[in-house]
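Reviewing the structure listed below.
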Amino acid sequence: MSEPVVVPMNPADAPDLPAALGHFLETRMTNVRGRLVLGYSGGMDSTVLLALLVQLRQPSWPPLLAVHVHHGLQPEADAWVSHCQRQTQQWQVDLQVHRVQVPSAPSLEAQARSMRRGVFAAVLQAEDVLLLAHHADDQVETLLFRLVRGTGIDGWAGMMPSGQWQEGETAVDCWRPLLSWRKNQLLAWARQQSLHWIEDPSNTDTQLDRNYLRQVIWPALERRWPQAAAHVLALSTEVQEVKDWLLQEEQHWRGQVLQGRRLYDPPLRLAPVVLQRRLIRTWLHSLQAPVPERRLVEELLAAGAHALPRRWQWRGFEVFFYQQYYYGRFLAPAVNRTPIPWVPEVPLLLPDGRLLQARYSQGKGGLRSTEGVTIAYRQGGERLQLYAHGPHHSLKKLFQSWKIPQFWRNDWPMLFCGTQLVAVPGYAVEAEFQSGEGEWGWYFSEELEVA
């Protein structure tokens, strides 16, 4: 059952803030075996949460660690670090400062958030819990931003007071204890406690999308409809309940539709349309793809219906539909096509995030020897004999029979001995170089693995 977010609209309607946070923590603290790790920007929101944690902490509590991410995007960034250091020293809280370099990109906000999430995932150890200071106004802002950008049920369900999110291979346990509080309530408490915090000047830059919603659009909506926040948040809670039900239905279809890194279209067509959209989003999420707009998901669904090769790109990621399968990968830099010696004991990280690695075992059909073997890429005209005394096949025909999509063919790493093709990892070894029955050889998985 989803946890409802009940938001008091006026400070007078709100329970005592320390008491409410104490109850939130008390119901969860007994299950924490690691540390409490707070994302601490030094701004008002995270300062309030840190102050409350310091006031409420008990000797039996897990250790508390504050983590500050230095983006270097503002001239004052070093001064903010000094402020956070002084504050945590005063409150006797351990602090870690992590410096990141945010790449120049059209969506600087998204890049900075992604970098922060990466830092938190790297800092967290087994059984730690991440605490973030999102409040009710952040929730409304996020929901509106997703709505105007285009989102599905997952996006409209919003943030939860406690739950998990996935960052690479790390499952992050996350609490948002202030999610039931309006920003003006937190500000009133901060002033009452004479707290000091930093103000990021970029928060007033309405050229940034979220700031435009926060500074221009939302205040106008709330002046016109004072109960707008309550209604938006209530709807989000109801959507979360629908999402929980859909998750149970989705489990039935995943095994049929999700096949390794690919999504198989025929069984996808048999699922209810609302689940088709969810399964596409689930598949993209498993590849760590950027969240797609709703329009793009509809285009992906339409492609399968027409069964024609199609290709889409967004925010550094691409999807290709080919022979009833969807494939996805991050856009990779140009491959260095200069042959390099193959060291089978060392996995090779490919530009698109896959791993080329092999295991050495007894059997039949592995690569018998690595002497003089190099890794190179398709040049054109390569041929391969799959078994002794059999015909030689063109690599082009083999790629078609193996259903390797066109966009991967030129970037598929292959093994050569001189100019002769000796193996296509994951698919075939030239007959002349194959190990015999009971001989030792090198073997590859059917699909190159994801790093």
Would you find a donor on one side and an acceptor on the other, under 3.5 Å apart, between the side chain of [X] and the backbone of [Y]?
X: Trp312; Y: Leu300; answer: no
X: Glu76; Y: Asp200; answer: no
X: Arg261; Y: Gly328; answer: yes
X: Asp128; Y: Arg35; answer: yes
X: Thr374; Y: Ile340; answer: no
X: Arg146; Y: Ala157; answer: no
X: Thr142; Y: Asp138; answer: yes

**OP:** Could you check Thr282 against Glu250 for side-chain hydrogen bond (donor to acceptor under 3.5 Å, both in side chains), going step by step and ending with a plain yes or no?
**Re:** CA-CA 9 Å; Thr282 298; Glu250 183 184 338; 2.4 Å; yes
Considering all heavy atoms, the nearest [X]-[Y] contact:
X: Leu179; Y: His135; result: CD1-O, 3.7 Å
X: Arg254; Y: Leu279; result: CG-CD2, 4.0 Å
X: Gln276; Y: Leu268; result: CG-O, 3.1 Å
X: Asp137; Y: Trp218; result: OD2-NE1, 4.3 Å
X: Pro292; Y: Arg281; result: O-NH1, 3.5 Å
X: Trp442; Y: Ala358; result: CE3-CB, 3.8 Å

Got a second to check how far [X]'s [atom1] is from [Y]'s [atom2], nearest 0.5 Å?
X: Leu21; Y: Leu53; atom1: CG; atom2: CG; result: 6.0 Å
X: Ile198; Y: Ser46; atom1: CD1; atom2: OG; result: 7.5 Å
X: Leu38; Y: Asp94; atom1: CG; atom2: CG; result: 12.5 Å
X: Glu299; Y: Ile280; atom1: CD; atom2: CD1; result: 11.0 Å
X: Ile404; Y: Gln323; atom1: CD1; atom2: CD; result: 11.0 Å
X: Leu124; Y: Leu65; atom1: CG; atom2: CG; result: 9.0 Å

Got a sec: does the [atom1] of [X] have more than 12 other heavy atoms crowding it under 6.0 Å?
X: Tyr360; atom1: OH; answer: yes
X: Gln164; atom1: CD; answer: yes
X: Gln251; atom1: CD; answer: yes

Do [X] and [Y] come within less than 4.5 Å of each other through their side chains, counting heavy atoms only?
X: Phe399; Y: Tyr427; value: no
X: Leu64; Y: Leu131; value: no
X: Met44; Y: Leu195; value: no
X: Asn31; Y: Val129; value: no
X: Val67; Y: His98; value: yes
X: Leu258; Y: Leu263; value: yes
X: Met29; Y: Pro62; value: yes
X: Leu284; Y: Phe317; value: yes

Original post:
Which residue, Pro344, Pro347, Pro425, forms the side chain to side chain contact (heavy atoms under 4.5 Å, CB included) with Leu356?
Top reply: Pro425
Original post:
Under the salt bridge (Lys or Arg N to Asp or Glu O under 4.0 Å) criterion, do Glu222 and Arg182 qualify, and how do the steps go?
Top reply: CA-CA 13 Å; Glu222 200 164 24; Arg182 298 298 304 270; 2.9 Å; yes
Subject >> Cation-pi geometry met for Arg28 and Phe24 (6.0 Å, 45°) >> reply: yes
**OP:** Apply the test side-chain hydrogen bond (donor to acceptor under 3.5 Å, both in side chains) to residues Gln240 and Asp244: give CA-CA distance (whole Å), side-chain angles for both, the deciding distance (0.1 Å), then the verdict.
**Re:** CA-CA 6 Å; Gln240 181 64 45; Asp244 290 345; 3.1 Å; yes
Original post:
Under a 4.0 Å N-O cut-off, is there an ion pair linking Arg329 with Asp411?
Top reply: yes
Original post:
What class does the angle between the rings of Tyr327 and Tyr325 fall in, given that below 30° is parallel, 30 to 60° is tilted and above 60° is perpendicular?
Top reply: tilted
**OP:** Step through it carefully: locate the ring centre of Phe444, locate the ring centre of Trp412, and say whether they are under 6.0 Å apart.
**Re:** no
